[in-house]
Amino acid sequence: MTNSKICIVVVSGTLERLQMAAMVASVAAVSGQEVIVFLSMNALPHFVKGNSPEAQKEGDMGELMASKNVPGFNTLFEQAVELGDARIYPCSMAMDVLGFEQHGLEAYLSEATGLTKFLDDARDGQVWTF
Amino acid sequence: MAEKKIVDACGSFCPGPLMELIVALKSSQIGDELEVLSSDKGSANDIPEWVRKVGHEYISATEADGVWHITIRKSK
């Protein structure tokens, strides 16, 4: 079986989208697929060390998930890296605009990268955007 | 000697029970049986699918009092 590469672009900072992106990343990674995640725009601040994992909810589903024992998106992204073949890249443009340093981000993230490298990596994979 | 382990993931939601199973598999030996307990019906469907996809042995899935018991054997 040929496992295609899954490339996930996360730009939204809302709980529903972060959660869905994390679910796709973690399940794909533990199913033997190569996963590349690119974090940019409003998604990136949720990966600053020590920041509250709480995210704005878009609707009722977000409120419900927050009130139930749904695995956190941060936990799922970390498991994608630790249990599977996933790499999660912070966007270097968002890092610059937000004034973030690599050491201030969660340790399971890879080194910040730019679009040129991401596009090159994504060339032979499926691209999912959240 | 093959062991039987229980992975109690009741109260969690997809893909939490699957992730808990995978963590348990990492520390298991080939031939060990693992029984996942899940109150999440989605996981009861998804875990057997994952087991077949990655090549472990699916043994059974039964439901009692709202809890799914999904049993697999580590094959690799």
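As a basis for the values below, the full set of heavy atoms in this structure was taken, side chains included, without hydrogen atoms, waters or symmetry mates. Each chain gets a letter, A, B and so on, in the order its sequence line appears, and its residues count up from 1.
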Under the 3.5 angstrom rule, does the side chain of [X] hit a backbone N or O of [Y] as a donor-acceptor pair?
X: S39(B); Y: V67(B); result: no
X: K49(A); Y: H103(A); result: yes
X: Q102(A); Y: A112(A); result: yes
X: Q33(A); Y: D85(A); result: no
X: D32(B); Y: L34(B); result: no

Near E49(B) CD, under 6.0 Å, is it more than 12 heavy atoms from other residues, nucleotides or ligands?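 Result for CD/E49(B): open.
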Can you confirm whether K41(B) is buried at NZ, in the sense that more than 12 heavy atoms of other residues, nucleotides or ligands lie under 6.0 Å from that atom?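 Counting neighbours around NZ of K41(B), 12 or fewer heavy atoms of other residues, nucleotides or ligands fall under 6.0 Å, so no.
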Less than 4.0 angstrom from a charged side-chain N to a carboxylate O is my criterion; do R123(A) and D120(A) meet it?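 Salt bridge present between R123(A) and D120(A).
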Salt-bridged, E58(A) to R17(A), with N to O below 4.0 Å?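 Judged by the 4.0 Å cut-off on N to carboxylate O distance, E58(A) and R17(A) do form a salt bridge.
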Where do W50(B) and H56(B) land on the side chain to side chain contact (heavy atoms under 4.5 Å, CB included) test, with the steps shown first? CA-CA 9 Å; W50(B) 178 84; H56(B) 295 296; 4.0 Å; yes
Please list, one pair per line, the donor and acceptor atoms closer than 3.5 Å that link side chains of residues 68-76 of chain B to other protein atoms, with sequence neighbours excluded.
from, atom 1, to, atom 2, distance (Å)
H69(B), ND1, E35(B), OE2, 2.7
R73(B), NH1, E57(B), OE1, 2.9
R73(B), NH1, E57(B), OE2, 3.1
R73(B), NH2, E33(B), OE2, 3.1
K74(B), NZ, L25(B), O, 2.6
K74(B), NZ, S28(B), O, 3.1
S75(B), OG, E57(B), N, 3.0
S75(B), OG, R73(B), O, 3.2
K76(B), NZ, V54(B), O, 2.5

With the 4.5 Å side-chain cut-off for hydrophobic clustering, are V27(A) and V7(B) part of the same group?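 Both belong to a single hydrophobic cluster.
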Which residues in residues 36-43 of chain A have any heavy atom closer than 4.5 Å to a heavy atom of chain B?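 Against chain B, none of the residues of residues 36-43 of chain A fall inside the cut-off of heavy atoms under 4.5 Å.
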Neighbourhood of chain B inside residues 64-75 of chain A, taking heavy atoms under 4.5 Å as contact: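 Residues K68(A), N69(A), V70(A), P71(A) are the ones that qualify, each having a heavy atom under 4.5 Å from chain B.
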So if I take each residue of residues 14-24 of chain B and look for any heavy atom under 4.5 Å from a heavy atom in chain A, which residues do I end up with?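 Expected list: C14(B), P15(B), G16(B), L18(B), M19(B), I22(B), V23(B).
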Going by the angle between their ring planes, with limits at 30° and 60°, are F47(A) and F77(A) parallel, tilted or perpendicular?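 Correct class here is perpendicular.
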